[in-house]
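One structure below.
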Amino acid sequence: MQNDFGKGGSRSGYAKPTQNFSGPAAAVSGSPSQVRNQRHPNQGHSNYHSNNSPNSDGRWAGVQTRNFSAPTVYSGPSDKSQGPLGTIKGHGGGPQSNLRSLKSLRAVEQYYHTLQQMKWGPMTEHVLDNLRCKIDVFQANQVLKLLHDHNIALGFFHWLKRQPGFKHDGHTYTTMIGILGQAKQFGTMRKLLDEMSLVNCKPTVVTYNRIIHAYGRANFLREAVQVFEEMEGAGYEPDRVTYCTLIDIHAKSGYLEVAMDLYGRMQEVGLSPDTFTYSAMVNCLGKGGQLAAAYKLFCEMIENGCTPNLVTYNIIIALQAKARNYDNVVKLYRDMQIAGFRPDKITYSIVMEVLGHCGHLDEAEAVFLEMRRDWAPDEPVYGLLVDLWGKAGNVDKALGWYHAMLQDGLQPNVPTCNSLLSAFLKLNRFQDAYSVLQNMLAQGLVPSLQTYTLLLSCCTDAHASMGLCCQLMAITGHPAHMFLLYLPDAEPGGENVRDHARYFLDMMHSEDRESKRGIMDAVIDFLHKSGLKEEAGFIWEVAAQKNVYPDSVREKSSSYWLINLHLMSEGTAVTALSRTLAWFHRQMLLMGSCPERIDIVTGWGRRSRVTGSSLVRQSIEKLLHLFQFPLFAARGNTGCFVGCGEPLSQWLHNPYVERMHLL
DNA sequence: TTAGGGTTAG
């Protein structure tokens, strides 16, 4: 079989450009210069305000008397004007100790600035050797916390070890382990953990928590759980943070039930949830599609006397916004301010996104200006405007905001470039798309899985321009391209295709679930529409086994199944439904068990903009009609097809159920 | 002595 990737030897379709790409992207027009030219009122000023500064819990002093619907009264800090050392707490307690803490701060500052300025090497050690003020282990830990580059941090950590009279303690070890974990340097991290016992510095629950978190965020759930068990085996009591971390990582990987179970276990051992845990749970439930349960828990949290913080409000507001419950959004937004929290960049972003999706782009821009009074915009906020305008089809505006970001001294990041790329692709402006991609590479930005996904989706949608899309896909150099190029023709049983897909998904292990779902959706849709339906089917099976689609098939109650296709594109939905029905068919032959009822939920489909005009729904309906699926007339939801009882069981016996996806 | 970990946006 051949596809447009030149599978089977002929790769001329993508190796040689058929069009001569040259020059930068189109000139900027419609650039929002009026926005760019407005300076942030706090930029360049010091940040010592006697009032309007945050309390320790992030709330603002004097809030009850202040009118928060008029942000003009506010002259609080910009997060940009806060130095990296601003987070270090003083020691408190009189002028003597103030002086001491000032000296301590200066030492930390010196070391931090030295380390920040250079890469790790002999020269760094030389400079450190010559620093006049020595630091103790407490200060060393403060410096480590400020370092984000794991190489520099580790170099410094080892250098400290060699200093006469210096000895690392549990804090510095734990901080270093945390930095390594964040950088996914698991080998070195484990080595350091072993070393702790050797130097008589026993790890604490905090040390274990950081390791569990590191594995979990990189999607190594098995390892995370192993460390948890290891920790319990060594006699450590897991605390709230341990549970909160485990809950969060399981929910994020699509194991919501495990997360709920852990939530219960935590309470059984006598740990009541705190604000962090509640926030994580509300987020998990909401993202898992259980919005009502999420909101109920949010209310329960308040009833139990646990105060939501800014993050909790942002989470619940974002969830309500996504569900388009705009009345609730407004109410919660107000509640948040009454509770004394000022919106931060994330809150503003949520509001801007809502406005953008409702088509009020100009109002979103107005909110940007409002936000700018309190906060210095960052890449994600600019990126959001690039994305919103791009999605609205106004690429000039998108490009304008992209340039505004550059003029603000910010470096473009991959997601923002993706938004711009997507905007050009939408309009079939391939030459501009090419420029964006080349620009990314020239700046050392590595195209992400999302970059490749949007190129592949474009390739599927724009048949006429498939050659051009393939060139762009090749340029990314992403492993996904190799996966498609070397996809073998399916052998009987398809084990070779399954192995190929498993290998790819293992390689993508640490990508988040949404991204994995995105690429698998694009791949399956592409293959299905290119006529490689058998391959598409095998790949779907692997994706399902690997929990990429945790909510697509579930048993709602005994013998009552739900097949949820509403997040899939057309080809994937057809493939997923066919393969799931085939699975029921096989289960029936094997075990004699048959579902009493199956609900097939299409929603309006991922690509549909107009309610009722879903391609997914249409294709599924066509497929079901063609194979004479015994449709039961369900009331209300026209995006849902239902089969049940004896007719369903008889229909599932048909041998053709095994081959539906090939049609 | 001081301190350390977990939750949100693209």
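Proteins get letters first, then strands, A, B, ... in listed order; numbering begins at 1 in each. All values reported here derive from a predicted model rather than from experimental measurement.
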Any [X] side-chain N or O less than 4.0 Å from OP1/OP2 of [N]:
| X | N | value |
| --- | --- | --- |
| A:N314 | B:dA9 | no |
| A:R217 | B:dT7 | yes |
| A:H213 | B:dT7 | yes |
| A:K322 | B:dT8 | no |
| A:K252 | B:dG6 | no |

Presence of donor-acceptor pair under 3.5 Å, side chain of A:T277 and base of B:dG6: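 Answer is yes: a donor-acceptor pair is held.
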
[X] [atom1] - [N] [atom2] separation (whole Å):
| X | N | atom1 | atom2 | answer |
| --- | --- | --- | --- | --- |
| A:Q182 | B:dG4 | CD | P | 16 Å |
| A:D248 | B:dT7 | CG | C1' | 7 Å |
| A:N418 | B:dG10 | CG | P | 13 Å |
| A:M352 | B:dG10 | CE | C1' | 11 Å |
| A:D512 | B:dT8 | CG | P | 12 Å |
| A:N309 | B:dT8 | CG | C1' | 9 Å |
| A:L355 | B:dA9 | CG | C1' | 15 Å |
| A:Y333 | B:dT8 | OH | C1' | 15 Å |

Could you check whether [X] gets within reach of a base, just the sugar-phosphate, or nothing at all, counting any heavy atom under 4.0 Å?
| X | result |
| --- | --- |
| A:D169 | base |
| A:D274 | base |
| A:G178 | nothing |
| A:N141 | base |
| A:T172 | nothing |
| A:V414 | nothing |
| A:T416 | nothing |
| A:I315 | sugar-phosphate |
| A:E353 | sugar-phosphate |
| A:T174 | base |

Heavy atoms from other residues, nucleotides or ligands near CG of A:N304 exceed 12 (cutoff 6.0 Å): yes

CD (A:Q110) with more than 12 external heavy atoms under 6.0 Å: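 Counting other residues, nucleotides and ligands, CD of A:Q110 exceeds 12 neighbours.
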
Positive for side chain to side chain contact (heavy atoms under 4.5 Å, CB included) with A:T188, one of A:L154, A:I177, A:I179: A:L154

Nucleotide nearest [X] (side chain, heavy atoms from C-beta), chosen from [options]:
| X | options | result |
| --- | --- | --- |
| A:D387 | B:dG10, B:dA9, B:dG6 | B:dG10 |
| A:V206 | B:dG10, B:dG4, B:dA3 | B:dG4 |
| A:N283 | B:dG10, B:dT2, B:dT8 | B:dT8 |
| A:H171 | B:dA9, B:dT7, B:dG4 | B:dG4 |
| A:N413 | B:dG10, B:dG4, B:dT7 | B:dG10 |
| A:D378 | B:dT7, B:dG10, B:dA9 | B:dA9 |

Which class fits the ring pair [X] and [Y]: parallel under 30°, tilted 30 to 60°, perpendicular over 60°?
| X | Y | value |
| --- | --- | --- |
| A:F166 | A:H168 | perpendicular |
| A:Y382 | A:W401 | tilted |
| A:F341 | A:Y313 | tilted |

Aromatic stack A:F138/B:dT2: centroid gap under 5.5 Å, interplanar angle under 30°: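 A stacking contact exists, since A:F138 sits close and nearly parallel to the base ring of B:dT2.
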
Nearest atoms (heavy-atom pairs only) where A:G356 meets A:L361: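 Minimum heavy-atom contact is O-CD2, 3.7 Å.
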
